[in-house]
Amino acid sequence: MHTLDRRNFLKGALATGVIGAAGVLGGCAAGEQGKAAGDNQATAAGQADNAALAYDIAETKEVDVVVVGSGNAGMAAAVEAAELGATTLLLEKEAILGGNGNHTYGPSGFDTKYSRAAGVTYDYREAVVEDQRMFNYIPNIRYYIDMAEASSDNIDWAAEHGVPISSVVDNYKGGNPTMHYWGEDGGTIDPVHGRVGSGTVYIAGMQATAESLGVEILTNTPAVDIVMDGADVVGVIAQDSKGSYIQINAKAVMLGTGGICGNPDLMAKVGRADDVVSPYTFSPGTTGDGYTFSMKAGAFDTIGSLGFIEQPAFAEMGLAEQKAREQNLDSSYSPNRNDEHPVWNILKMGKCLWVNELGERFADESAAKPEGGIAGWATAAIMSQQKSFAIIDKAITDMLGQDCMDLMLSANEHNTKFQADTLEGLAKAMDIDYATLQATVDRYNEMCAAGEDIDFGKYAEGLVPIGEGPYFATQLGVTPLCSIGGVRVNRQMQAADVNWNPIKGLYVIGVDSFPFYTQMYYFQLPGSAVAYELHSGLVAARHAAENLL
């Protein structure tokens, strides 16, 4: 047992707050559903008891807490655990720290000193009402309330632990005004790339604080297995950069591995295996380790309601669009403006015509509010079709310019881009019925002329008719940046089985759990993913310190 410098303070909070709200740890066995999930759970616990026997262990370490993954959640957990007196080891599979966290901007916050100073007010209860209805009351909204009520203290905690916080509080790209940015200036504003660098500010600040507190940090050292004692998780097996195996025995294992987007098999399991789905994710290290280890331990599998932080994309065009941005083909580009880079503007603002493999229109092409956009709506519409295409005419291609068009037409390995002088020629190239396509264009143009989309409700400014050729069409894809969810946790961030029994010693934090969105990330509350990552890391560390050390 370690002496915890803040134990007396925390005991008061734990007695009435979120950390003590849903029970205490026990040696409960995994439920039957948990045993059936994943890797033949009927025998998984017994196999895991002897996990070390399957490896040639070169070194054994004894710690109180091992954190797997150094993103926003993992960093917060490691720093807080160490400050509470726990000997703490942080594992990162990649060469640099941060993972997905390097690509984030900052957390949601409610009634913070920063929002008050900026004169920004927003009651999180409005978001509670919105989210319940948006997600059909499926998520347990108490998790959301826990995070929201702690958000001001959590942002202050980050500031007190080496992370500068911007005085800017805004609505990010048109959502609600909850966004707080890492970095004193809210990140660097670049005219081409937009707001960049904020996430690295957080990771750097957390790293410095973790090192000052004595956290042992190992990079290029992935966890490859968990170690169990019966139904309890008691450590992990890691592999260092030389290929040697390390057994790390711990009283608490905290998994914050960033989701599954880097794992093709798991992505296929959730219906995102198509070649035209852009193979891009924030971090290539997000190969589903947290999910896989949790299933082995008997946690309840929630991958069926997995959500994504994602956006629509032209198939095969991720690299082309990135090159366009890097070449500064449009110096007005900024992700903080609605008149963004024209390539992205076509998709986000819906100034094009979408048709499916039959040549029929199937959705509001903006699939979002014109003032900001909820990218998950657009991606859901795209994923609902066998194939979907965006069509633009000469007026739009002239606006884009030849340089952009050359990039858009390049990299056509999967034959997803088409150009023709006539609609009939375009239909033939796309292998869809010309009569159906012509009827769709005629119907769409009629509504554009009338200024009202009575079929799908696209906002009036997005109703741009399809005029003269030549015409360009591209198959639509989806860029999944980060998955959210997959593992059931209780409000203390303990992995839980089908009967909600906590798995002793195992915490799942960050987007590996993320329990209050399903199917998609709700961009109308900007920064909520980061807010949950920060919150879950702190809650897990405090609960472990109070109950396991």
Side-chain angles (χ1 to χ4, degrees), residues 134 136 270-278 307-308 310-317 343-370 373-393 396 408 414-420 423-467 471-480 518-523:
M134 172 66 66
N136 298 311
V270 296
R272 282 168 168 77
D274 196 312
D275 287 336
V276 303
V277 175
S278 301
F308 285 92
E310 59 187 354
Q311 60 192 26
F314 293 167
E316 304 182 69
M317 276 186 51
V343 174
W344 178 240
N345 190 56
I346 291 172
L347 282 180
K348 180 178 177 183
M349 302 307 290
K351 296 179 179 179
C352 56
L353 172 65
W354 286 5
V355 300
N356 60 19
E357 72 281 359
L358 301 176
E360 300 170 332
R361 190 171 176 230
F362 62 91
D364 164 9
E365 290 82 2
S366 68
K369 297 179 181 178
I374 303 173
W377 289 353
T379 58
I382 291 167
M383 296 293 290
S384 73
Q385 305 297 307
Q386 180 181 348
K387 288 184 179 181
S388 54
F389 304 88
I391 298 174
I392 55 179
D393 64 3
I396 296 294
M408 291 168 68
H414 297 280
N415 191 34
T416 62
K417 303 168 192 177
F418 314 93
Q419 192 172 33
L423 273 178
E424 185 173 7
L426 188 69
K428 183 177 180 180
M430 297 167 67
D431 193 26
I432 63 177
D433 181 67
Y434 165 60
T436 302
L437 178 61
Q438 184 66 66
T440 297
V441 170
D442 291 344
R443 170 70 175 171
Y444 179 70
N445 285 349
E446 288 175 5
M447 292 187 294
C448 290
E452 183 181 8
D453 179 5
I454 61 175
D455 289 346
F456 294 100
K458 179 156 64 172
Y459 68 104
E461 291 81 359
L463 290 171
V464 178
I466 301 297
Y471 304 96
F472 171 81
T474 181
Q475 189 171 339
L476 295 173
V478 173
T479 295
T518 63
Q519 305 301 324
M520 70 177 189
Y521 179 68
Y522 191 33
F523 282 88

As an exercise, state the distance from CD of Gln386 to CG of Leu358, rounded to the nearest 0.5 Å. 8.0 Å
Please examine the side chains of Val441 and Ile391, heavy atoms only from C-beta on, and report whether any two atoms are closer than 4.5 Å. no
Does any non-hydrogen side-chain atom of Leu426 lie less than 4.5 Å from one of Tyr434? no
side-chain contact (heavy atoms from CB on, under 4.5 Å) with Glu452: which residues, sequence neighbours excluded? Ile454
Sequence neighbours excluded, which residues qualify as side chain to side chain donor-acceptor pair (under 3.5 Å) partners of Asp393? none
May I ask you to test the Tyr471-Ile466 pair for a side-chain heavy-atom distance under 4.5 Å? yes
With rounding to the nearest 0.5 Å, note down the distance linking CD1 in Ile396 to CG in Leu353. 12.0 Å
N-O pairing of Asp453 and Arg361 below 4.0 Å: yes
List in chain and number order the residues that pass side chain to side chain donor-acceptor pair (under 3.5 Å) with Asp433, two or more places apart in sequence or in another chain; answer none if no residue qualifies. Thr436
Within the 4.5 Å heavy-atom criterion, are Lys387 and Ile432 side-chain neighbours or not? no
If you look at every heavy atom in Ala460 and Gly451, which pair is closest and at what distance? CB-O, 3.8 Å
Is it true that, when you exclude Asp442 itself, more than 12 heavy atoms of the residues, nucleotides or ligands shown sit nearer than 6.0 Å to its CG? yes
Measuring from atom CD of Glu360 to atom CZ of Arg443, what distance do you get when rounded to the nearest 0.5 angstrom? 13.0 Å
Side chains of Phe456 and Glu365 in contact at under 4.5 Å (non-hydrogen atoms): no
So, do Met383 and Phe308 sit near enough that their side-chain heavy atoms are less than 4.5 Å apart? no
